[in-house]
Participant: 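Next up is a structure, given as structure tokens.
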Amino acid sequence: MKNKSLVSISDLSKDEILRLLSQAERFEKNPNQKILDGKVVATLFFEPSTRTRLSFETAVNRLGGRVIGFSDAKTSSQSKGETLKDTIMMVSNYADLIVMRHYLEGAARYASEVAPVPVINAGDGANQHPSQTMLDLYSIYKTQGTLEGLTITMVGDLKYGRTVHSLLEAMQYWKPKFNFIACKELQMPEQYKRFCDDHGIEYHESTDFSQEVINETDILYMTRVQQERFTDLMEYERVKSLYNLHNSMLDNSKPNLRVLHPLPRITEISQDVDDNPKAYFFQQAKNGLYARQAIICRSLGIEC
Ligand code: CP
């Protein structure tokens, strides 16, 4: 069962990613099916969430399964000192699958190693967010008609933003070109730039969010500065709103450009972008339902 966990996007081969995207497409056409009858999924959120938890839970509910869990670890026995291992062992007694978000990098991998049931990583610290990546890939494919040869510009917190780390790794199969736009404190970590080098992926780094870069972009992936990862709040204040996308900045962008953001947004996308047909972040979050239905079925070994 353990190999049905999804901890890192690298746990999936190219073929598995493509299969999940096809299944997501099928779920979008028919999201209400009773194929999880009798299955119980636990959602354990040690960090706040709106989209990830609710879309996972909606995915289970629409497929006829049941959900248990907590959205605030303070209401669990962790607050009495119970270890993560013991929590995972207990929940495995009750559920067929665990979806877990945790503030510590590596917590999901550890949980997957001790749990007798599969574990889906719903975000571990600044490390990985593979189910977000599946919905990002689905959104990119739906809007571009291909995953191949796209120019993807990632803007904002590239140091702590786990969604950009997972997406970068997933795109290795489709010859992307990346632009990394971040201030010097929040630049893409060396390990991911090395990953690009090792896989022959072209990338350019800049602190300047220029019109020239926007105008050559297919996917403009904006991110929030992750306040919760900063130990120095003065530093957060200094960097929290350096990059802001306004509607007029899209005036000369490519017709196929779409603006993505894992959300929540703070100030990095102005609300005047929302009505631009190139704004895709709300549909992107909706796509999470279908992508997560596919991921849940994979982990439970259910044909769909
Ligand atoms: N994109 C994302 O992970 O959103 P939530 O934090 O609301 O789950």
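Atom set for the values below is all heavy atoms of this structure, side chains included, hydrogens, waters and symmetry mates excluded. Counting starts at 1 for both ligands and their atoms, in listed order.
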Participant: Under 3.5 Å, is there a donor on one side chain and an acceptor on the other for His129 and Arg101?
Facilitator: yes

Participant: So which heavy atom in the protein is nearest atom 6 (O) of ligand 1, and how far is it from that ligand atom?
Facilitator: Arg101 NH1, 2.9 Å

Participant: Enumerate the atoms of ligand 1 whose separation from the nearest heavy atom of Thr50 is less than 4.0 angstrom.
Facilitator: 5 (P), 7 (O), 8 (O)

Participant: Return yes if a side-chain donor-acceptor contact under 3.5 Å exists between Ser5 and Ser112, otherwise no.
Facilitator: no

Participant: Taking Glu47 first and then Arg229, would you say they form a salt bridge - that is, a charged N and a carboxylate O separated by under 4.0 Å?
Facilitator: yes

Participant: Quick one: nearest non-hydrogen protein atom to atom 4 (O) of ligand 1, plus distance?
Facilitator: Arg51 NE, 3.1 Å

Participant: Salt bridge check: are Glu16 and Arg298 linked by an N-O gap of less than 4.0 Å?
Facilitator: yes

Participant: Could you say whether the N/O atoms of Pro264 and ligand 1 ever approach to under 3.5 Å?
Facilitator: no

Participant: Output the distance between atom CD (Glu235) and atom CZ (Arg238), rounded to the nearest 0.5 Å.
Facilitator: 5.0 Å

Participant: Considering only protein heavy atoms, which is closest to atom 1 (N) of ligand 1, and at what distance to one decimal place?
Facilitator: Pro262 O, 2.7 Å

Participant: For Gln132, is at least one N or O under 3.5 Å away from an N or O on ligand 1?
Facilitator: yes

Participant: What class does the angle between the rings of Tyr103 and Phe46 fall in, given that below 30° is parallel, 30 to 60° is tilted and above 60° is perpendicular?
Facilitator: perpendicular

Participant: Under 4.0 Å from a heavy atom of Leu263: give me the atoms of ligand 1 that qualify, with their elements.
Facilitator: 1 (N), 2 (C), 4 (O)

